[in-house]
Trainee: 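Attaching a single structure in structure tokens format; questions to follow.
Sequence lines set the chain letters: A, B, ... in the order given, protein chains first and strands last, and positions in each chain run from 1. Keep in mind it's a predicted model, so treat the numbers as computed, not measured.
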Protein chains: 2
Amino acid sequence: MGDGSFQFLSGNRTYPRRSLHGQIVHEMGRRIATGDIEPGHSLPSEEVLCAEMSVSRTALREAMKVLSAKGMIESRPRRGITVLDRDNWNALDPDVLSWVHGGRPDGEYMHKLVEVRRIVEPAAAELAAKRATDAELVAIQDCCDNMAKGVGNIDLYIAADLEFHAAVISANHNEFLRPVANAICAAMLSSLRITNPTAIKNRYSLTLHEAINSAIQARDPKGAREAMLAHQAHMSEIMHNVFGDMKEQE
Amino acid sequence: MGDGSFQFLSGNRTYPRRSLHGQIVHEMGRRIATGDIEPGHSLPSEEVLCAEMSVSRTALREAMKVLSAKGMIESRPRRGITVLDRDNWNALDPDVLSWVHGGRPDGEYMHKLVEVRRIVEPAAAELAAKRATDAELVAIQDCCDNMAKGVGNIDLYIAADLEFHAAVISANHNEFLRPVANAICAAMLSSLRITNPTAIKNRYSLTLHEAINSAIQARDPKGAREAMLAHQAHMSEIMHNVFGDMKEQE
DNA sequence: ATCTCCCATATTGTAATACAATATGAGCAG
DNA sequence: CTGCTCATATTGTATTACAATATGGGAGAT
């Protein structure tokens, strides 16, 4: 432990790019997610796609099976490959998440993300204070320490930040919550690069994380919840400054 | 609308079984999920698997790609196919969910499910009261009506119940929340067949749903939250009676 | 003219084979 | 004992052939 090995981020596994069909998966996934092909519409036939990309049907089909497994397409004989409605997409899949929100997080996107975090994370902090094992307490502490160490190194700081939040939710021992945490982290990754340069300056962010950590270490559920709420309030403020009005639809 | 067409359940799409590789997907997925092969352990080589199942490598490999896309296995040259740690599994994927919790929901499982619902649904009800479009209000109302109609028909009742909860979360217009709702519904399906025969008798369940609906229709966020909390308290009570002590780790 | 049914056909699904790429672990050199 | 090389087993890709399936048009009946 404490080696910065990113143990909790392991859940954010994305489909490997090393193989040819893996590259096709990411390329086509991105195209579909960006709206290049509208839901309900059909893709070219396998034969045409193979020709366009200069790959064999084997590689192409294996790639399509991956996208199909994520609920983005459906392939039927004679009908061809059709893009499914976004409701069917496995939206918390790390790959889908990265394709849909690849690059440019806008205000609306950030607002929705914050909304989910506000719902889930206070409860998660509370549960973590109740249930974390000794090993998990150590892991959470380590993340906090790494954040402190990483004040000068933005990448290290972000990684530790992500791990901290993932570790807290992971300590809930609830398999239904974990994927949500993974998704939050994956989505945070793109946003932190924008907001953290601001957060890292005043060091207040670090203090807030340490407050959460302290409460959890002391097994103080209410305190953990309160500290998490304070942290989120601070995050919201920063985001408000960075992204401007996020159209709170109250 | 109001035709009981299950529009909100569409997100619970599972991988089609009609093809040969589709059948392999579900067979192997089930085997892995039930712990037939331990995480970290290797599957037999493709050649052996093909022989065992009497299928071509083509079909087998396409099936493996699907499981790989869901984060359950990883396949590397020379190393073979290894089962990944459960942390990597896409736990909110409808297929994974059905394989992991196929059939026998135990007390611990139900407890975790209730826990997530307690965290997410009150907030969801509140947001739905704020943001639901007119069409969504109608849809929620329809679900409620269908439940009332289905008092004598357990299947219709369950379907309407599921749709109601899905519709409420769907009305939040938050893409990060929707998959959670889908998962909750998929998981609820197995549990409702056990608990609903109890719930349907006293009709109190129906009254509680109608209270949530009324608050949302009246665009009363606080009321919606309170009504949802009351509903969940009732559900917890029923489950407690059905499953016995669920080891609340307070 | 309209409808029904059947069939030709285009497209995906499965099979079989061959070879390329890759990581493993044994064997050898130091 | 250590580090390197290389044969080898296993997955990855390509190619070809054929089977299964749904579409849409055309023949035939009403």
Trainee: Could you list the protein-to-nucleotides 22-24 of chain D atom pairs, N/O on both sides, closer than 3.5 Å?
Mentor:
{"residue": "dT23(D)", "atom": "OP1", "partner": "Arg79(A)", "partner atom": "NE", "Å": "2.9"}
{"residue": "dT23(D)", "atom": "O2", "partner": "Arg78(A)", "partner atom": "NH1", "Å": "3.1"}

Trainee: Strictly below 4.0 Å, heavy-atom distances to any atom of DNA chain D: list the hits from residues 47-74 of chain B, or just say none.
Mentor: Arg57(B), Arg61(B), Lys65(B)
Trainee: Atom CD of Glu46(A) and atom C1' of dG13(C): how far apart are they, to the nearest Å?
Mentor: 8 Å
Trainee: Counting only heavy atoms from other residues, nucleotides and ligands, does the tally under 6.0 Å from CD of Glu38(A) exceed 12?
Mentor: no
Trainee: Would you tell me if any nitrogen or oxygen in the side chain of His21(B) comes within less than 4.0 Å of OP1 or OP2 on dG13(C)?
Mentor: no
Trainee: Given salt bridge (charged side-chain N to carboxylate O under 4.0 Å, His left out), test Arg13(A) with Glu74(B) step by step and report yes or no.
Mentor: CA-CA 11 Å; Arg13(A) 166 175 216 82; Glu74(B) 185 181 48; 2.3 Å; yes
Trainee: Please list all pairs meeting ring pair (Phe, Tyr, Trp, His ring centres under 6.0 Å) that have one or both residues in residues 22-58 of chain A, counting only residues at least two apart or in different chains.
Mentor: His26(A)-Trp99(A)
Trainee: Could you tell me which residues satisfy salt bridge (Lys or Arg N to Asp or Glu O under 4.0 Å) with Arg17(B), sequence neighbours excluded, listed by chain and number?
Mentor: none
Trainee: Can you name the salt bridge (Lys or Arg N to Asp or Glu O under 4.0 Å) partners of Arg78(A), sequence neighbours left out?
Mentor: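 Counting only residues at least two positions away or on another chain, Arg78(A) forms no salt bridge (Lys or Arg N to Asp or Glu O under 4.0 Å).
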Trainee: Please confirm whether the backbone N or O of Ala69(A) pairs with a side-chain atom of Lys70(B), one donor and one acceptor, at under 3.5 Å?
Mentor: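 Yes, Lys70(B) side chain to Ala69(A) backbone: donor-acceptor pair under 3.5 Å.
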Trainee: As a test of understanding, state which of His111(B), Lys112(B), Glu115(B) forms a side-chain hydrogen bond (donor to acceptor under 3.5 Å, both in side chains) with Asn174(A).
Mentor: Glu115(B)
Trainee: If you only use heavy atoms from C-beta on, which nucleotide in dT14(C), dG12(D), dT10(D) is closest to the side chain of Ser19(A)?
Mentor: dG12(D)
Trainee: Sequence neighbours excluded, which residues qualify as side chain to side chain donor-acceptor pair (under 3.5 Å) partners of Arg61(B)?
Mentor: Glu62(A), Glu46(B)
